[in-house]
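Contents: one structure, followed by commentary.
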Number of protein chains: 2
Amino acid sequence: MKMEPSSSSSRADSTSEKLRREILDGLAAPGDLLAESAVARRLGVSRVPVREALFTLERDGLVEFSGTGRAYVKELSPRDFEELYVLRLTLEPVAGGLAAPTIRSDASALLKNIAATRKARTLGEVTRLDLEFHELILEMSGHARLLKLWRSIRSELEMWLGRLQRQHRGQKLDTREQTASSHEKLIQAFRSQPPSACERLSRDHIINWREWLPMQQGQK
Amino acid sequence: MKMEPSSSSSRADSTSEKLRREILDGLAAPGDLLAESAVARRLGVSRVPVREALFTLERDGLVEFSGTGRAYVKELSPRDFEELYVLRLTLEPVAGGLAAPTIRSDASALLKNIAATRKARTLGEVTRLDLEFHELILEMSGHARLLKLWRSIRSELEMWLGRLQRQHRGQKLDTREQTASSHEKLIQAFRSQPPSACERLSRDHIINWREWLPMQQGQK
DNA sequence: AATCCGAAAACGGTATACCATTCATGACTC
DNA sequence: GAGTCATGAATGGTATACCGTTTTCGGATT
């Protein structure tokens with residue numbers, strides 16, 4: 001028998017997860033100092049696991065170190081988001097092409113995700129399931145490093161999307177159905193098209209996603 | 001006045017560099033255990049910087065951790081190299097397209113690299129300068145994350161190429177002139193072609209590079 | 001009021017120590 | 001001889017302590 005994988009046994013992991021959540025939820029504002037001792041005291045662990053957690057978060061792009069080794073919550077500019085967008089546009093079509101055969105043989109995980117999306121109760125949940133859908137395709141590509149690279153930008157994407165949501169509370173776009181049906185169409189196409197077309201479809205899907213996003217006015 | 005950047009002030013950095021070199025030079029064989037205490041004793045530092053160095057090397061793909069936290073020198077299979085090749089094919093054309101305007105305005109760094117390549121005295125030096133040439137393009141793309149992703153696979157590439165070299169000592173291909181002139185042509189083309197063509201040219205350059213490589217017979 | 005400066009507090013880098021777990025070795029059993 | 005189990009060494013995770021550097025802040029100076 002095993003423990004559920006969510007509750008990590010090591011304090012370094014649970015510390016990085018707690019900090020990640022605080023950053024993604026906006027509790028820790030961009031630019032905030034994450035001092036090792038302070039975090040350690042606050043979370044009731046020693047500095048060692050905190051230190052390790054900060055390195056992890058740096059790898060995930062949520063934290064950056066100053067020249068003197070201090071860790072700060074990273075600031076994300078619209079220009080940063082553009083970079084992330086270009087990377088999705090670069091990585092995901094390749095994954096789509098590679099994953100096409102796998103998806104044709106078994107798309108159950110993707111379909112399950114779509115069903116869950118239709119039952120989502122909050123906008124945040126839709127966003128999470130959306131990213132999970134795309135990560136599933138990366139996994140099905142069978143390209144371990146491609147998946148690793150994609151994961152290395154996932155947290156930054158989540159941070160940006162979370163901020164967007166908090167800024168546009170009022171809007172009641174039906175993102176849920178939009179996302180679900182868009183993903184559904186993508187799978188249908190994947191099942192009937194050759195890999196090269198799957199690349200193009202993946203690309204178009206990202207472009208569409210980008211256009212739906214409510215963007216801020218400030219360019220830079 | 002500053003210290004030369006090569007000698008890093010922190011022991012964690014110098015430790016990771018020493019280990020990186022040992023792995024790339026084949027002193028540490030794939031599969032070898034890198035026990036924290038043993039490395040610490042051998043290098044005359046405590047376990048703390050060693051631990052940090054091992055995390056760094058894991059990020060760079062030279063080391064992998066077992067489920068119980070032990071660090072081993074990563075095994076690289078031909079299939080792993082295929083993944084790396086696909087990633088170059090994915091990332092570098094995008095960088096080429098983005099870097100085109102910058103290169104047109106100032107290609108001096110690239111030209112300098114080519115000149116150095118022509119003066120290289122060992123095959124290993126040619127390889128290093130080759131990778132540096134491509135990294136320069138990534139830098140000139142102005143896309144910080146694209147560069148970061150490329151760097152995250154650079155060490156693995158170096159490891160593979162180093163192993164190839166050691167396996168094919170006898171061959172006396174004139175890689176030096178081949179590399180230099182190929183890079184020269186690429187720059188010339190970059191200067192006269194639109195960004196979309198630069199993407200294609202970058203892609204072709206990588207494909208050519210791949211075909212020149214002496215590959216092993218074993219597929220898996 | 002603005003600037004400079006020095007002392008104290010905060011902070012990061014590293015070493016050492018402790019403990020639970022894992023791993024390797026050899027004896028023992030069948 | 002193959003498999004099993006116990007024991008001790010090796011190993012990683014974490015806490016704590018020390019030290020040099022950086023940062024902060026209040027007071028002196030202009």
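Letters A, B, ... mirror the listed sequences (proteins, then strands); counts begin at 1. Keep in mind that the numbers below use all heavy atoms, side chains included, and drop hydrogens, waters and symmetry copies. Just so you know, these numbers come straight off a predicted model, no measurement behind them.
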**OP:** Measure the distance from CG on A:Leu34 to P on C:dC11 and round it to the nearest whole Å.
**Re:** 11 Å
**OP:** Could you tell me whether A:Phe65 and A:Tyr72 have their ring centroids closer than 6.0 angstrom?
**Re:** no
Original post:
Tell me, for nucleotides 21-26 of chain D in 5' to 3' order, what letter each nucleotide earns: B for a base near a protein heavy atom under 4.0 Å, S for only sugar-phosphate near one, - for neither?
Top reply: -SS---
Subject >> Salt bridge flag under 4.0 Å for residues B:Asp80 and A:Arg145 >> reply: yes
Original post:
Relative to the ring of A:Phe81, is the ring of A:Trp160 parallel (under 30°), tilted (30 to 60°) or perpendicular (over 60°)?
Top reply: parallel
**OP:** Please state whether the rings of A:His205 and A:Phe133 are parallel, tilted or perpendicular, taking 30° and 60° as the class boundaries.
**Re:** tilted
**OP:** State whether the number of non-hydrogen atoms from other residues, nucleotides or ligands found under 6.0 Å of B:Arg203 atom CZ is greater than 12.
**Re:** no
Original post:
Minimum heavy-atom separation for B:Arg59 to A:Lys148, with atom names?
Top reply: O-NZ, 3.9 Å
**OP:** Could you check if a side-chain atom of A:Leu43 sits within less than 4.5 angstrom of a side-chain atom of A:Val50, using non-hydrogen atoms only?
**Re:** no
**OP:** Summarise how protein sits on nucleotides 14-20 of chain C as a single string, 5' to 3': B when a protein heavy atom is under 4.0 Å from the base, S for sugar-phosphate-only contact, - for no contact.
**Re:** BBBB---
**OP:** Salt-bridge test for A:Glu52 and B:Arg51: reply yes if a basic N is under 4.0 Å from a carboxylate O, no otherwise.
**Re:** yes
